[in-house]
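One structure is given below, encoded as structure tokens.
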Amino acid sequence: MKIFYSLLCFFLMSTICFSQSKQKGNNLMIENGVSEELAHFRKKQISEVQYSLLFEIPNQKSEDINSNLSLNLIVSDLSQPLFLDFKEKSQNIKSVSANGKNIAIVHEKGHIVIPSAALISGKNTISISFIAGNLSLNRNDDFLYTLLVPDRASTLFPCFDQPDIKATYKLSLSVPKDWSVLAAADVKEKVEKGDFTLYTFGESDKMSTYLFSFVAGKFKSVTQKPGMEMTMLYRENNPEKIKTSTDTIFNLHQQSLDFLEKYTNYKFPFQKLDFASIPVFQYGGMEHVGAIQYRESTLFLDNSATDSEKLNRAKLIAHETSHMWFGDLVTMKWFDDVWMKEVFANFMADKIMNPIFPKVNHNLQFFTSHYPSAYAEDRSLGTHAIKQHLENLKDAGSLYGAIIYNKAPIMMRQLEASMGKEAFQKGIQKYIQKYANDNADWNNLVEILDAETPLDMKKWSEVWVNKFGRPIFTDIIEYDAQNRIKEFMIVQEAEGKSVNIWPQIFQIGFVYANEVKVVTANIINKDLIIKEAVGLEKPLAIIYNYNGFGYGVFPLEGNDLNYIAGLKDEVARASAYSNLYENMLIGNSAPDKAFDCFFKGIQTEENELVLRMISNNVNTIYWRFLTEKQQKKVQKQLEEILYSRLQTNLSANIKKTLFGLFSSIGYSDSAKAKLYQIWNKEMVIQNLKLNEDDYTNLAMNLAIFEHEKADEILEKTRTTITNPDKKKRFEFLLPSLSKDESVRNRFIESLKDDANREKESWVSVGLSSVNHPLRQESAQKYLRFSLDLVDEIQRTGDIFFPKDWLDNTVGRYSSKYAFDEVQRFLKENPNFSPILKRKLFQATDLLYRAQKIKKETE
């Protein structure tokens, strides 16, 4: 009774202290998530944070993971309670103690409250016994991995889930004895306890909570020392892929390390660089300190891989390795600057590729990698500035997208070109040195770069970083009596009719019969007179953005655009094709005219990167913008040309790209027959290298195209898949591929349950199959269902899933019905999340444009 009375008194005192703290003049209004206010206060309140964590992982993924936290820290401000973030059920918290004394469990709005009365000024220890949250544990039958970016650490364990409170971690994992483990530090002790093994890791380097991670499960392991010793966990079981890829994977990491150490003038900053290859991983990769995670299909390639696939693998590895400096060593203060770590990772990855792939045109690679994706979001109603305001960390996932991954590197390249490469690199080295093991924001970097250049960095970055949209360029050209250029002016205007002006440098090519004369445009103001053009003879064509450095939509010269295919410069061709596509989307060129030009390119193009880009454009225009009558007119010819080119003496890279397009539009009876013969290995096309994954994708296409043997094709494919993880994926997708509409309906209905959405990449493929253009008449009834579920998708899914969900449902449509459904949904949901509305507008940009284009062509 006495003990009960003491505990009751303590609880009342705690509650009073908490209530009093809320009533003070500088009170903290606690809300769900981590507000800017809470983050700023905690940054001043605490320091020297160290987490000691134990997770006891059972054999069955349905069982709870019992866990313990011992948190050591210094508290310097007792005016407010200590708020630990734990976005889990209150019943998951078993006990809480502060400085050796049990205290009452107070858990509200995702925060565990430690009252000031239980704390002391100086060193404190908080101990919490809890059941780990499952949301970010990614549990599978025989493996699991954590993925805690941007604010998911608090869904796993109690912590200070903000990027500017860096901490060290002492981790212990109890796992089934046949499992392997990987974390930020090396294993210091391994103790077998019956059917389980307890691994104790050393103390980690300092890191933000979103970078803490561990992997555990049935993995194979390989260690190599291409320079630095590294270990990889993997589940791939294809002997050819393992043999072909393993050495390359390790060497690419080392080559990236070598480049970054030299470029930054800063040694690799962490204890180790290990990585895990995971078959169901949501992203391409994630830069966890000491334990990078990758999607397995990207890392392990075989002899059928194209040069683009090899380049993409290398870029991914370089991207994640770059994060060790840009993001992990120097971390943003707040997630509104998450773009900074991503822009540097992408920007450095592009630089790292130069010496690794000396035969690749890296300017072309940069253009095809970044521009189409950046334009896709920046032209939409859902566009936004590179730097976005963030009031609460719970909304940080919405910041990710093509603007930060693709537009930001374009901006950074423009900045480097304006500053000069040496001045830019010197500034970056100073930035790394000054903020190592700390946090920095964009203004901190601007201040450093400003000292290295006469360029007004603040003014320059104001439009590129803090404003949204892109410029639309027009030209004013006058010729004299001798048909020579008398005046040449280019003018830019913001697409959204704002007053924004983007300072940038790019080239303009004047095409003549035997040469191309190139001049440089350095545009600072709204308009620019190109003096170097005066006196030139009238060209056959003018190619704006000849070197692919400029950003925006440029004038499209001439009605006959077939000259594009004849341009000798690969970057100029890619830029011209891209500009044609963007002009089509804003109404300056009819879809059928643009299609004809791309179709000509398909027949002649022999650069894989350019061909891949124009193949994507052909596919999009065919399915999204041509009328049914126009499709019938061109389909047979398109199929015949593609199949004919596949029979010629072309490189394996080109053939695989052409085959990708052929298999995506080959739904006529004759094309299906050819695709079936290839799938069934009755027909072999010389130098077309297909692997098991390619045959699986081909089987899926044949099912969607309603081949008469679809059921047999799918079942044979299922039984011949040799990788158990890939077999599970295919079995998950089978209902979405069924010719039976009721089976597909049940698949869609099953996605109401978040347990059926765990494998997000699988779900996206399934949705894409159900909503394929050939099936939209039967699938469109689920558009409203898909829209209504988006809010829950945002709440339960990882950062890219809401956009992926929208892309593969309503984002696949061009019909008036789908457009009306979106309008109806928005009208009936006036309080729909602005964040999700932006994602919806991005996903439906082509749907909106299709309505406008169809009206204009009717």
Side-chain angles (χ1 to χ4, degrees), residues 347 350-351 354 360-372 374-375 406-407 409-421 424 455 460 464 470-477 484-485 487-493 501-558 561 563-583 607 609-610 613-614:
F347 190 65
D350 287 313
K351 285 183 176 296
N354 281 277
V360 168
N361 184 329
H362 291 282
N363 190 18
L364 174 64
Q365 185 274 326
F366 186 98
F367 186 90
T368 57
S369 292
H370 297 302
Y371 279 75
Y375 287 155
N406 299 112
K407 183 181 179 181
I410 295 168
M411 174 277 291
M412 198 62 79
R413 187 170 69 157
Q414 280 286 339
L415 176 57
E416 183 187 52
S418 299
M419 285 185 65
K421 288 186 177 182
F424 181 82
L455 186 71
W460 190 94
W464 274 104
R470 59 182 185 167
I472 306 291
F473 289 91
T474 53
D475 56 19
I476 300 169
I477 307 173
R484 293 182 178 273
I485 295 175
E487 182 182 356
F488 193 105
M489 177 187 287
I490 52 175
V491 182
Q492 66 163 301
E493 185 173 308
I501 299 296
W502 286 265
Q504 55 180 298
I505 299 170
F506 56 84
Q507 292 179 346
I508 304 171
F510 296 84
V511 181
Y512 297 95
N514 298 313
E515 65 174 333
V516 178
K517 291 185 177 179
V518 178
V519 301
T520 297
N522 187 351
I523 186 161
I524 299 171
N525 300 310
K526 183 175 181 178
D527 50 54
L528 175 69
I529 294 173
I530 308 291
K531 294 177 182 177
E532 294 86 347
V534 176
L536 292 177
E537 291 183 16
K538 185 175 184 178
L540 299 174
I542 300 173
I543 308 296
Y544 289 88
N545 200 22
Y546 192 83
N547 62 341
F549 262 66
Y551 185 77
V553 183
F554 298 88
L556 195 63
E557 296 295 324
L561 300 172
Y563 64 84
I564 295 176
L567 291 170
K568 292 181 180 179
D569 188 285
E570 297 165 338
V571 178
R573 277 203 313 278
S575 180
Y577 279 129
S578 171
N579 194 45
L580 168 59
Y581 182 72
E582 295 303 321
N583 270 278
N607 179 286
L609 294 174
V610 180
M613 188 181 78
I614 60 178

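In this text, all values refer to a predicted model and were calculated from it rather than measured experimentally. Values reported hereafter were calculated over all heavy atoms of this structure, with side chains retained and with hydrogens, waters and symmetry mates removed.
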Restricting to side-chain hydrogen bond (donor to acceptor under 3.5 Å, both in side chains), what partner residues turn up for [X], sequence neighbours left out?
{"X": "Asn547", "answer": "none"}
{"X": "Tyr544", "answer": "Asp475"}
{"X": "Tyr577", "answer": "none"}

Quick one: salt bridge (charged side-chain N to carboxylate O under 4.0 Å, His left out) partners of [X], sequence neighbours excluded?
{"X": "Asp569", "answer": "none"}
{"X": "Arg413", "answer": "none"}
{"X": "Glu570", "answer": "none"}
{"X": "Glu487", "answer": "none"}

From [X] [atom1] over to [Y] [atom2], what is the distance, rounded to the nearest 0.5 angstrom?
{"X": "Thr368", "Y": "Asn363", "atom1": "OG1", "atom2": "CG", "value": "10.0 Å"}
{"X": "Arg470", "Y": "Ile410", "atom1": "CZ", "atom2": "CD1", "value": "10.5 Å"}
{"X": "Glu493", "Y": "Phe473", "atom1": "CD", "atom2": "CZ", "value": "11.5 Å"}
{"X": "His370", "Y": "Phe347", "atom1": "NE2", "atom2": "CZ", "value": "9.5 Å"}

Looking only at atom types and distance, does a side-chain atom of [X] sit under 3.5 Å from a main-chain N or O of [Y], one as donor and one as acceptor?
{"X": "Tyr581", "Y": "Ile614", "result": "no"}
{"X": "Gln492", "Y": "Trp502", "result": "yes"}
{"X": "Asn607", "Y": "Leu609", "result": "yes"}
{"X": "Tyr375", "Y": "Ser578", "result": "no"}

Could you walk me through whether Phe554 and Phe506 pass the ring-ring contact (aromatic ring centres under 6.0 Å, His included) test, one step at a time? CA-CA 11 Å; Phe554 298 88; Phe506 56 84; 5.1 Å; yes

Please find the pair of heavy atoms, one from [X] and one from [Y], that lie closest to each other, and give the distance.
{"X": "Met489", "Y": "Ile529", "value": "CE-CG1, 3.7 Å"}
{"X": "Ala576", "Y": "Ile564", "value": "CB-CG2, 3.8 Å"}
{"X": "Ile501", "Y": "Ile524", "value": "CG2-O, 3.6 Å"}

Suppose we screen for side chain to side chain contact (heavy atoms under 4.5 Å, CB included). Which residues come up paired with [X], at least two apart in sequence or across chains?
{"X": "Asn354", "value": "His362"}
{"X": "Gln414", "value": "Trp460, Trp464, Gln504, Ile505, Phe549"}
{"X": "Val516", "value": "Val511, Val518, Tyr546"}
{"X": "Ile530", "value": "Phe488, Ile490, Ile508, Val519, Ala521, Leu528, Glu532, Ala533"}

Taking only residues at least two apart or on different chains, which pairs with a member in residues 514-542 satisfy ring pair (Phe, Tyr, Trp, His ring centres under 6.0 Å)? none

Evaluate side-chain contact (heavy atoms from CB on, under 4.5 Å) for Met613 paired with Tyr371, printing each intermediate quantity in order. CA-CA 10 Å; Met613 188 181 78; Tyr371 279 75; over 6 Å; no

Is there a side-chain contact between [X] and [Y] (heavy atoms, below 4.5 Å)?
{"X": "Asn545", "Y": "Asn579", "value": "no"}
{"X": "Ile542", "Y": "Ile477", "value": "yes"}
{"X": "Ile543", "Y": "Tyr563", "value": "yes"}
{"X": "Met412", "Y": "Phe424", "value": "yes"}

